[in-house]
2 protein chains.
Amino acid sequence: MPDRLRIPRPTAKRLSLYMREAGLRLRDGIGQISSRQLGETLGLTDAQVRKDLAYLGQSGQPGVGYPTRDLHDRIRHAMGTDQKWNAVLVGAGRIGRALLAYPSFDREDFRIVAVLDADPALAGQTMEGRRIWPMAEMSHLVREHGCRIGIIAVPREAAQAVADQLVRARVTGILNFAPRRVEVPASTCVISVDFTVALEQLAFEVNLASANGASS
Amino acid sequence: MPDRLRIPRPTAKRLSLYMREAGLRLRDGIGQISSRQLGETLGLTDAQVRKDLAYLGQSGQPGVGYPTRDLHDRIRHAMGTDQKWNAVLVGAGRIGRALLAYPSFDREDFRIVAVLDADPALAGQTMEGRRIWPMAEMSHLVREHGCRIGIIAVPREAAQAVADQLVRARVTGILNFAPRRVEVPASTCVISVDFTVALEQLAFEVNLASANGASS
DNA sequence: CTTTGTGAAATTATTCACAGCA
DNA sequence: TGCTGTGAATAATTTCACAAAG
């Protein structure tokens, strides 16, 4: 007996955006927000926004909009970000450093609690004020801090081995910044952030736009 | 008269992956690759791969597969990465540094040719061996190097202003790493890479999986 | 007069399944 | 036998359009 409707993946992505926007409004003391306003700031149609928000159950008031606080809380709950998500970061390179300093990775809900690197020379040093551990400590750190997430910020060649180690250490989710697919058992989730794909996607879009624009 | 079929966006994303894989095979001297092999390494069905590749026109050989070199070239052409894409990077922070050192941003097709930052104290300094320019130099640099792409690697609050400047400097594509939508005229393309959305997406997936897995 | 929630319609994307070629 | 290319079938997602509510 599912207590709520299954949320489609495209919707889940947009829910993140709605939540961020609701958070900003909340901070600014704005109590209501309409699907049209939300759509306008995010580049979506109002119908799309309403369909998405309807997955969270009735919450809007006709003629008024959605109460900011309630909206924010509902999305948080639906996304699971009302829980604590501790993460281990593997890779003390430049991407790892950027993530350590990134606000989203040091919030109440998400937090990088340990940094590891395969380079023995780095073990014991600090990065952005955090101590770097050797790889052998992974299972221990994951257990000690109750990490459910592992972040792969190592070069392509090392990514699969790191993924294997993370799975053995019993994380249930992996955020992968290496430019390749990592193979994991079905019980583990992977989300990849691929800079190269984004860049090539952009080239594709620009070409498409200029092809459409240039009609002699 | 369009000389080729319109490529759907999901397909375009996957084409990047196929191209990368073809490039790796090419480097290893493997001359052929089948839709099944491609699908296996990338986590897709063979039918999906074939449908996608069919947009590039006939190129596979029944019973054999796709010739690696030809496949790579065709995708390159379709994506527009057989052209040169110079980019200006705005933001000499930690994300900017990571991108500067990232292999994909210093290839024959893509290259970051200039770094800018709003902080006057950074102007004239170097980062990853590149000189940092003040914002006022943007138009000049874009024109001089023929940059078609601008990369936004600044905090949320500064992102829209940077986007406006990039548009004025006449870039046609923007790669946005700031966690917000940037508003641009329709003639400019934007692709966003949003770490926060990726992270929350992961939490969502993990929750979903554990909900499915745990049926008492 | 504005805005929600939602069935129905339209569009888009994926999977199936198989004829035809090497 | 192994594999491509592709119509047809299915599934997923978005848009439309409107009754009902503040």
Side-chain angles (χ1 to χ4, degrees), chain A residues 2 4-18 21-22 25 30-72 74-75 78 197 201 204-205 208, chain B residues 2 4-18 21-22 25 30-72 74-75 78 197 201 204-205 208:
Chain A
R4 237 189 338 281
L5 233 52
R6 188 203 144 260
I7 296 174
R9 216 163 296 207
T11 294
K13 262 193 200 142
R14 288 188 296 263
L15 286 178
S16 283
L17 303 175
Y18 304 149
E21 205 52 39
R25 300 272 174 155
I30 300 168
Q32 307 284 333
I33 187 167
S34 73
S35 57
R36 184 134 70 82
Q37 294 175 302
L38 226 24
E40 218 152 85
T41 39
L42 297 173
L44 306 164
T45 66
D46 54 332
Q48 174 87 86
V49 174
R50 287 199 300 280
K51 255 281 192 286
D52 288 340
L53 295 184
Y55 285 105
L56 308 175
Q58 193 107 352
S59 75
Q61 298 178 263
V64 183
Y66 301 83
T68 324
R69 158 73 68 188
D70 179 59
L71 186 62
H72 189 262
R74 274 169 194 262
I75 301 177
V197 170
Q201 193 66 8
F204 172 77
E205 296 278 351
L208 203 70
Chain B
R4 233 186 345 277
L5 235 50
R6 186 199 146 264
I7 297 174
R9 217 161 297 208
T11 294
K13 262 192 201 144
R14 288 188 297 263
L15 286 177
S16 283
L17 303 176
Y18 304 148
E21 206 51 39
R25 301 271 174 155
I30 301 168
Q32 307 284 334
I33 186 168
S34 73
S35 57
R36 184 135 71 82
Q37 292 175 304
L38 227 23
E40 218 152 85
T41 39
L42 298 172
L44 307 164
T45 66
D46 55 331
Q48 175 87 87
V49 174
R50 287 199 300 280
K51 256 280 194 284
D52 287 340
L53 296 184
Y55 285 106
L56 308 174
Q58 193 106 353
S59 74
Q61 297 177 260
V64 183
Y66 301 83
T68 324
R69 157 74 68 188
D70 179 58
L71 185 62
H72 190 262
R74 274 168 193 263
I75 301 178
V197 170
Q201 194 66 9
F204 172 78
E205 296 279 350
L208 203 69

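Order of the sequence lines sets the chain letters (A, B, ...), proteins ahead of strands, with each chain counted from 1.
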Check your understanding: Is the shortest side-chain N/O distance from Arg36(B) to OP1 or OP2 of dC3(D) below 4.0 Å?
Key -> yes
Give the rounded distance in Å between these two atoms: [atom1] of [X] and [atom2] of [N].
X: Tyr66(A); N: dT2(C); atom1: OH; atom2: P; value: 17 Å
X: Ile7(B); N: dT14(C); atom1: CD1; atom2: C1'; value: 17 Å
X: Leu44(B); N: dT15(C); atom1: CG; atom2: P; value: 9 Å
X: Leu38(A); N: dT3(C); atom1: CG; atom2: P; value: 13 Å
X: Gln37(B); N: dT4(D); atom1: CD; atom2: C1'; value: 14 Å
X: Asp46(B); N: dC16(C); atom1: CG; atom2: P; value: 10 Å

Revision key, fill the gap. Nearest-nucleotide check on DNA chain D, Arg9(A) vs Ser35(B); residue mapping nearer the 5' end is Ser35(B)
Revision key, fill the gap. From the list Ile33(A), Asp52(A), Leu44(A), side chain to side chain contact (heavy atoms under 4.5 Å, CB included) partner of Leu38(A) resolves to Ile33(A)
Practice item. Side chain of Ser34(B) only, please: which of dT4(D), dT3(C), dA13(C) is the nearest? Key: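 Nearest to the side chain of Ser34(B) among the choices is dT4(D).
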Could you pull out the closest heavy-atom pair between [X] and [Y], with the gap in Å?
X: Asp70(A); Y: Ser59(A); answer: OD2-CB, 3.5 Å
X: Leu53(B); Y: Tyr18(B); answer: CD2-CD1, 3.6 Å
X: Ile7(B); Y: Ala78(B); answer: CD1-CB, 4.1 Å

Review point. Considering only heavy atoms from C-beta outward, does the side chain of Thr11(A) approach that of Arg14(A) to under 4.5 Å?
Key: yes
**Study point:** B/S/- contact track for nucleotides 14-22 of chain D, protein heavy atom under 4.0 Å
**Key:** SB-B---BS
Practice item. State whether the side chain of Gln48(A) and the backbone N or O of Thr45(A) hold a donor-acceptor pair below 3.5 Å, judged by distance alone. Key: no
